[in-house]
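Just the heavy atoms: all of them, side chains too, but no hydrogens, waters or symmetry mates, feed the values below.
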Amino acid sequence: MVKVTNPRGDITIDGEVFANLAGDAATSCFGVKAMAAQGRDGGVFQLRRESMSKGVRAELGEDGSVSLELHIAVDHGVNLNTLCNSIMNEVSYKVSKATGVPVKRVDVYVDTMIIG
């Protein structure tokens, strides 16, 4: 959990909040089909909207910042470099705007590509 102090008091933000915000921001980017997760058998599967935070790992730093790791499924034919840069910018902006917590880094892992 991250603790934010302001003149009116303290706010504590759970890591799950960062994961939900990051998942929502990532899936709003053009070319992202869904958040992804690995199954027990090593296969990759798409996550439904209500459980997309499972495709995100939030690591809270001692300096009060947050680092995010996103696993995604993308559409076939998208420019991966451009898409990943767009996701990094969008996630960083939306998470820091919504929480007031600086985003240290956003790592994007393209786990699968959906054809069709």
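A donor-acceptor pair under 3.5 Å is formed between the side chain of Asn6 and the backbone N or O of Gly9. No donor-acceptor pair under 3.5 Å is formed between the side chain of Ser65 and the backbone N or O of Gly61.
Closest approach of Gly15 and Ala58 over heavy atoms only: O-CB, 3.8 Å. Taking both residues in full, the closest heavy atoms of Leu21 and Ala98 are given as CD1-CB, 3.9 Å, listed atom of the first, atom of the second, then distance. Shown here for Gly31 and Val78, the closest heavy-atom pair between the two residues is CA-CG1, 3.9 Å. In plain terms, the two heavy atoms of Ala26 and Met35 that are nearest each other are CB-SD, 4.1 Å. In this structure, Val95 and Ala22 approach most closely via the heavy-atom pair CG2-N, 4.0 Å. Summarising the geometry of Ser28 relative to Ala25, their closest heavy-atom pair is OG-O, 2.7 Å, with the distance given to 0.1 Å.
Follow the hydrophobic side-chain contacts under 4.5 Å out from Phe18 and you reach Ile11 in the same cluster. Both Leu68 and Val4 are part of a single hydrophobic cluster, where members link through side-chain heavy atoms under 4.5 Å apart. The hydrophobic cluster containing Met113 also contains Val32, counting ILVMFWY residues as joined when their side-chain heavy atoms lie under 4.5 angstrom apart, directly or transitively.
Sorted by first and then second residue, the salt bridge (charged side-chain N to carboxylate O under 4.0 Å, His left out) pairs involving residues 71-83 (not counting sequence neighbours) are Lys33-Asp75. Sorted by first and then second residue, the salt bridge (charged side-chain N to carboxylate O under 4.0 Å, His left out) pairs involving residues 60-71 (not counting sequence neighbours) are Arg57-Glu69.
With values rounded to the nearest 0.5 angstrom, Lys3 atom NZ is found 6.0 Å from Thr12 atom OG1. In this structure, OG on Ser67 lies 6.5 Å from CZ on Arg105, to the nearest 0.5 angstrom.
Put simply, the side chain of Thr112 reaches to within 4.5 Å of the side chain of Ile114, judged on heavy atoms.
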Listed pairs under 3.5 Å, donor-acceptor, residues 80-89 side chains, sequence neighbours left out:
from  : atom 1 : to    : atom 2 : distance (Å)
Thr82 : OG1    : Asn79 : OD1    : 3.4
Asn85 : ND2    : Asn81 : O      : 3.2
Asn89 : ND2    : Asn85 : O      : 3.2

* side-chain contact (heavy atoms from CB on, under 4.5 Å) assessment of Asp107 paired with Leu70 -> CA-CA 6 Å; Asp107 295 323; Leu70 290 84; over 6 Å; no

